Trainee: 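Below you will find the structure I want to go over with you.
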Amino acid sequence: MFERLPVEVVFFGEPFDRDAIIHTLRHLAMRIGWTFRPRAERRIIYATTENPLEIPVREGDLVILSSHDVKKHMTESRAGIPLRGENAERFPFYHPKANDIHQRGWIKADVIAGAHALFNLLYERKNRPEKRDGWMRFTEDWWTAAGFARPEPLSDFWLNSIAFEAEKIGWPRAERQGEDAVSLAPGTVVLTHDVDYMPTRANRGMPRFLRAVLRQLLTRRSAGQAWQIMSKYRKAFFQPVPYNALKSIADEETILGAISSFQFTVKRRHRSDPVYDLRRYYNTEDDLRNLLHRGFEVCLHGSYRAGRTPGQLAVEKIELEGILGMSVSGHRQHYLNFHPATFFPELERAGLEYDMSVGYNDMSGPRAGTLFPFRPYDMEKAKPFSMWEIPFILMDTTLATTYRFSSGEALDHCIDQIRPVEKSGGCVSLIWHQEQLSGLLDPGFDRIYWILLKKLKERGIRLTSGRVVVEEIAALWNQTIGD
Ligand SMILES: [Zn+2]
């Protein structure tokens, strides 16, 4: 039987947001098996004071030091999170009197505020105009100015520092045993396929084929690969419709014991949207029905402006549910075109249970500094949002067009990115576009997806859909607060 450790959170001084602190701490509690409740023997003291000596500490208490500068930064500053230390060992919001503290069990930086700022994309919220269309490039975010070459799992590192410190002062360590234990280890990868293109029987994917050839010539500057697509397309033309890999993806994933989510837009509303009309498509093809019957998940791929248009995600979710005849829980925004200040409220308003849009189009890695699902927090209303965010850290087209990797390099890169997820028992999603897996986009990038899946499976990593993960993680989350 798995015993959760009861922990009390005590506030000393006026924190930047009491509910946000408890909410952020629950992410750690979920992973390591703590339950917050009043009057527990183990106490975390979250202290907001300029004078640490005045904090009333008992033997065995864990102290997290914060100062009034934290709230000031959160509300007034447009700068990135202030950090101190070297490379990955950097801590956020160092306390001004940190150098005077030498006791065990004291965390001299406000690691909770740091994780809260990263989870909620605070820098982007403050600095990017809400009306500006498009997605956040990695170099526009705060990382580069802070000296990072890539996103790092800093939120995880900061929250974990609390667990490490607790262990140092003798708190019992949660063991991952028993049926009700923390069950994410040894890592989960949520497989997702954005469906940005569907051919018709009449055009046989010809428009996509022409774009794919141009993409090889202009973006990837590879005449050889353009030639490969042309000769492959010639063969595919006489077989099942080119660029429709829905069935073959489901077949191969089933053989591997994997399951995945497919993100569909409902219809074209903007020139950057996929060109298909799902209502018409669904009536003429049985691919969607086939996916659903086999336990695969269909999620909404919000149209280009949906995440920025009040009420639009809700409309599209209802439309998709009408077509499928069943409820939809997951979402990813097409082109990641969103602003965090308006996007998260729109997801909640639509009644979506989870989203997978937090990542970069032009860089692999954890944009919110975490390799775990998390719940964004409504900074305006000072309360948690109802939905989950499953971060995505890898996308096929980023590897092909931004990094311009060969397929072999791309495979090594994917393994490198997933290694820390495996190590920490995390859970992230990755995107491999539907049309990529038809083999007619970036030659070799279909094959490495299947090699990657086999390698992950060999390492004991679970390959599943978002809905499965969210159900499990919501159950773990509920156990982090006692009566
Ligand atoms: Zn898309």
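Order of appearance sets the numbers: ligands from 1, and atoms from 1 within every ligand. Everything numeric here is computed off the predicted structure, so don't read it as measured data.
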Trainee: Is the closest basic N to carboxylate O distance between D251 and R294 below 4.0 Å?
Mentor: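 Yes, this pair counts.
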Trainee: Confirm or rule out an N/O/S atom of D194, from backbone or side chain, lying less than 2.8 Å from the Zn ion (ligand 1).
Mentor: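 Under 2.8 Å: D194 has no N, O or S contact with the Zn ion (ligand 1).
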Trainee: Between H334 and the Zn ion (ligand 1), is there a contact where an N/O/S atom of the residue lies under 2.8 Å from the metal?
Mentor: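 Checking H334: at least one N, O or S atom is under 2.8 Å.
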Trainee: Would you give the angle at the Zn ion (ligand 1) between D196 atom OD1 and H301 atom NE2, to the nearest 10°?
Mentor: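 OD1 of D196, the Zn ion (ligand 1) and NE2 of H301 span an angle of about 90°.
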Trainee: Are R211 and E435 close enough for a salt bridge, meaning some N to O gap below 4.0 Å?
Mentor: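 Looking at E435 together with R211, the answer is no, because their closest N to O distance does not fall below 4.0 Å.
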Trainee: Run the numbers on R467 and E471 for salt bridge (Lys or Arg N to Asp or Glu O under 4.0 Å), then give the verdict.
Mentor: CA-CA 6 Å; R467 192 185 340 230; E471 264 172 37; 5.5 Å; no
Trainee: Is the shortest side-chain N to carboxylate O distance from R305 to D273 below 4.0 Å?
Mentor: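 Salt bridge absent between R305 and D273.
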